[in-house]
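Worksheet for the structure shown next.
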Amino acid sequence: MAATRSGGDATMPQPAQGHSLPDFGRHLKPEPCTLVIFGGSGDLAHRKLVPALYNLLLDGVLPPNYAVLGIGRKPLSDLDFRASSRDGVVKYSRQELAESKWGDFERRLFYLSGAIDDSTSYGKIRARLEKIEADLKLPGHRIFYLAIPSTSFATACEGLQRAGLTHPPDDTAPCSRVIVEKPIGHDLASARQINATIGSVFDESQIFRIDHYLGKETVQNLLVLRFANSIFEPIWNHKYIDHVQITVSEAEGVGTRATYYEGSGALRDMMQNHILQLLCLVAMEPPYSLDPDVVRNARIDVLRGLRPIAGKDVEHFTVRAQYSRGKVHGIEIPGYRREAGIHPDSTTETYAALKLFVENWRWAGVPFYLRTGKAMPKRASEIAVQFKDIPQILFNTNPAAPLAPNVLTLRIQPEEGLSLRIISKVPGSKARTNPVEMDFKYGDVFAAPSPEAYERLLLDVMAGDASLFMRRDAVEASWAWITDILEGWAQQSLRSLPEYQAGTWGPVEADRLIQNDGRTWRTL
Ligand code: BG6
């Protein structure tokens with residue numbers, strides 16, 4: 001696809017007030033194309049992908065001409081697919097369905113029923129695509145979204161190739177791109193194998209590996225916060241920072257995803273991808289430009305600088321646990337091993353906490369504490385950067401009551417924003433101090449609600465901008481680091497895991513992990 005250069009911020013909604021942001025990272029304009037969704041009748045398409053496209057339409061940023069072809073096992077007609085898409089938009093869209101816009105959107109939605117492992121499906125896909133593109137006068141740019149388990153990626157890619165639906169990148173010909181969802185494999189070896197198969201069909205520049213956290217508005221804001229403000233960078237290092245905590249807590253239990261989750265667990269499901277990516281953005285060096293590969297190189301350097309956690313260290317630097325019966329938001333949920341579809345002896349972790357170090361000059365000796373879990377008291381994701389204590393003179397002389405440290409908290413969800421805890425004088429004649437929060441909420445300052453991660457990411461694929469996607473080497477670097485921990489856990493051969501009651505903040509073992517260093521987890 002010969003993408004066209006746009007003037008930087010032409011395609012983005014502007015903030016309601018204040019200085020308009022340069023549209024960092026987006027230099028290319030989305031082109032008319034056909035999006036082919038494998039797993040078209042599945043949950044992701046229904047809840048996220050179709051609503052995301054619809055919101056892009058409402059925001060006026062979709063290319064003027066486009067089509068969507070859903071592929072799935074379910075025997076649906078175009079009309080059925082349109083009806084179910086409408087239902088998905090009504091239930092899950094960020095913006096309400098507008099009848100005036102729905103008609104044109106709907107007539108661009110098509111469905112073809114076919115199985116991925118049926119080799120005859122691909123010829124039918126090709127014929128259907130050619131017909132749709134001829135009818136709508138589309139130029140033939142195609143994006144294949146593999147919203148299917150990674151065990152089927154190879155079959156789908158090879159089927160597409162055999163049917164002549166893929167071709168090498170060529171600026172003068174219509175493009176073919178592929179989007180793959182996480183998880184890519186379940187350890188380093190399987191990730192390498194999957195990457196190799198996709199790579200034998202598509203060039204790396206045509207592969208878009210999604211980590212939807214990178215599409216979240218507040219996650220993108222991390223780069224702006226760090227590198228568009230002069231006050232943070234000078235203190236963003238081991239001289240001033242005591243430690244960093246990254247928390248991604250979820251209130252929901254395993255829900256309806258038992259089969260997937262049993263084979264995955266919190267480390268693979270959240271740490272290997274989303275949380276390590278947050279870490280990369282917090283810890284990376286300033287990239288010298290916003291070119292996708294320059295930014296991605298800076299991110300991967302963090303992964304490469306991680307001190308390995310292997311062998312005996314696994315016991316000292318990691319904690320895993322499962323939720324037991326309890327209440328979240330007043331609703332009783334069973335213990336993990338009593339959930340439908342979960343093995344009663346399961347040792348899959350629903351909670352993981354890690355203490356890690358990034359071994360470079362900037363971060364020497366600064367611990368990063370990461371934790372994530374299901375069935376915790378609430379849904380909340382944040383990064384908290386805690387600064388070092390001030391000297392024990394002037395206002396900090398009483399060792400029994402030390403001053404609270406400065407903490408910069410970046411809230412990713414919900415209530416996106418940031419706050420800075422500072423010490424202030426309590427009004428009155430005495431020199432009494434109190435910590436106060438300087439708080440900024442996105443919602444209060446920018447009138448428009450933030451786009452969903454999938455909106456930004458789909459638009460970027462249409463534009464061929466890979467900045468917010470995972471490159472092969474990054475996926476493999478994070479698997480390499482995580483696989484050491486998985487192997488350490490396998491060697492422990494535990495019959496059962498530590499537990500935390502559903503609706504609490506995790507097991508006592510995790511409290512000890514941080515308390516042994518004289519620190520505590522933050523209360524969110
Ligand atoms: C997914 C995980 O990648 O991210 C889920 O597979 C998890 O288990 C989800 O619930 C969390 O995403 P978000 O955007 O709701 O924080």
Side-chain angles (χ1 to χ4, degrees), residues 150 181-188 190-191 209-214 216 219 222 243-250 252 254 257 260-284 299-300 302-310 313-323 336 347-358 367-376 379-384 412-413 470 474-490 492 497-498 500 505-507 509-510 513-514 521 524:
S150 64
E181 271 289 333
K182 69 157 264 277
I184 296 182
H186 57 272
D187 59 10
L188 178 60
S190 54
R209 297 177 190 81
I210 284 210
D211 182 321
H212 79 275
Y213 265 56
L214 292 176
K216 288 183 191 274
V219 174
L222 263 164
H243 75 277
V244 178
Q245 292 187 25
I246 304 182
T247 304
V248 177
S249 71
E250 297 187 275
E252 285 183 11
V254 67
R257 297 168 74 222
Y260 156 73
Y261 201 82
E262 262 293 80
S264 169
L267 192 72
R268 291 186 174 96
D269 186 46
M270 298 295 288
M271 286 282 185
Q272 183 271 334
N273 34 75
H274 306 324
I275 301 180
L276 283 187
Q277 284 307 305
L278 295 181
L279 170 77
C280 288
L281 289 165
V282 175
M284 69 195 255
R299 291 207 305 255
I300 198 177
V302 176
L303 297 173
R304 292 194 174 128
L306 291 179
R307 184 195 294 172
I309 301 180
D313 281 348
V314 171
E315 204 183 312
H316 302 302
F317 290 86
T318 73
V319 170
R320 54 182 165 150
Q322 265 174 3
Y323 62 84
Y336 177 68
T347 52
T348 299
E349 78 287 355
T350 61
Y351 174 97
L354 309 179
K355 170 183 165 184
L356 61 82
F357 291 92
V358 181
F368 287 75
Y369 301 96
L370 277 42
R371 62 178 165 162
T372 183
K374 298 220 179 266
M376 290 177 73
R379 178 174 185 251
S381 304
E382 65 153 51
I383 298 167
I412 291 159
Q413 60 194 22
M470 299 289 295
V475 171
E476 293 179 8
S478 70
W479 269 123
W481 190 78
I482 290 285
T483 300
D484 279 346
I485 300 176
L486 289 169
E487 286 173 359
W489 282 358
Q492 290 171 344
L497 297 188
Y500 60 103
W505 281 105
E509 287 79 355
L513 177 82
I514 191 165
W521 291 112
L524 270 62

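Positions are given from 1 along the sequence.
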Keeping S190 on the side-chain end and G185 on the backbone end, is there a donor-acceptor pair under 3.5 Å? no
Donor-acceptor contact present, side-chain W521 to main-chain A510, <3.5 Å: yes
With sequence neighbours left out, what residues match Y261 under ring pair (Phe, Tyr, Trp, His ring centres under 6.0 Å)? none
Which value, rounded to the nearest 0.5 Å, describes the distance between W481 atom CH2 and L356 atom CG? 4.5 Å
Kindly indicate whether the side chain of Q492, heavy atoms from C-beta on, has any atom under 4.5 Å from the side chain of V314. yes
Closest approach of A375 and Y500, non-hydrogen atoms and distance? O-CE1, 4.1 Å
Quick one: does M271's side chain get under 4.5 Å of T318's, heavy atoms only? no
Using side-chain heavy atoms (C-beta onward) and a distance below 4.5 Å, is I184 in contact with M470? no
For L497, is there any backbone N or O sitting under 3.5 Å from a side-chain donor or acceptor partner on E349? no
Calculate, to the nearest 0.5 Å, the distance between atoms CG and CG belonging to L278 and N273 respectively. 10.0 Å
Find the distance between CD (E382) and CD1 (I412) and round it off to the nearest 0.5 Å. 8.5 Å
Take K355 and H316 through the side chain to side chain contact (heavy atoms under 4.5 Å, CB included) test and state the conclusion after the steps. CA-CA 9 Å; K355 170 183 165 184; H316 302 302; over 6 Å; no
Min side-chain heavy-atom separation R257-D269 under 4.5 Å: yes
Between R320 (side chain only) and W489 (backbone N and O only), is there a donor and an acceptor less than 3.5 Å apart? yes
Taking side chain as C-beta onward, heavy atoms only, is K216 less than 4.5 Å from Y213? yes
Using modelled atom types only, decide if a donor and an acceptor are shared between the side chain of T350 and the backbone of Y323 within a distance under 3.5 Å. yes
Just verifying a value: how many Å separate I275 CD1 and S381 OG, rounded to the nearest 0.5 Å? 7.5 Å
List the atom of R299, the atom of C280, and the distance in Å for their closest heavy-atom pair. O-SG, 3.4 Å
Is there a donor-acceptor pair closer than 3.5 Å between any side-chain N or O of T483 and the backbone N or O of D187? no
Any donor-acceptor pair under 3.5 Å linking the side chain of Q322 with the backbone of T348? yes
Kindly indicate whether the side chain of I210, heavy atoms from C-beta on, has any atom under 4.5 Å from the side chain of K182. no
Measure the CH2-CG distance between W479 and D484 for me, rounded to the nearest 0.5 Å. 12.5 Å
Test side chain to side chain contact (heavy atoms under 4.5 Å, CB included) on L279 and V244 and set out the steps. CA-CA 9 Å; L279 170 77; V244 178; over 6 Å; no
Which heavy atom of A283 sits nearest to which heavy atom of F368, and what is that distance? CB-CZ, 4.3 Å
Any Y369 side-chain heavy atom under 4.5 Å of T247 side chain: no
Side chains of S249 and W505, heavy atoms from C-beta outward: is any pair under 4.5 Å? yes
Under 3.5 Å, is there a donor-acceptor pair between the side chain of R268 and the main chain of H186? yes
Given I383, which partner from the list V248, V219, L281, I246 fulfils the side chain to side chain contact (heavy atoms under 4.5 Å, CB included) test? I246
Taking atom types as modelled and ignoring hydrogens, do the side chains of E262 and Y336 form a donor-acceptor contact shorter than 3.5 angstrom? yes
For E252, does the CD atom have more than 12 heavy-atom neighbours from other residues, nucleotides or ligands under 6.0 Å away? no
Look up atom CZ in R307 and atom CG in D313, then write down how far apart they are to the nearest 0.5 Å. 8.0 Å
Tightest non-hydrogen contact, residues Q272 and V475, listed as NE2-O, 3.7 Å
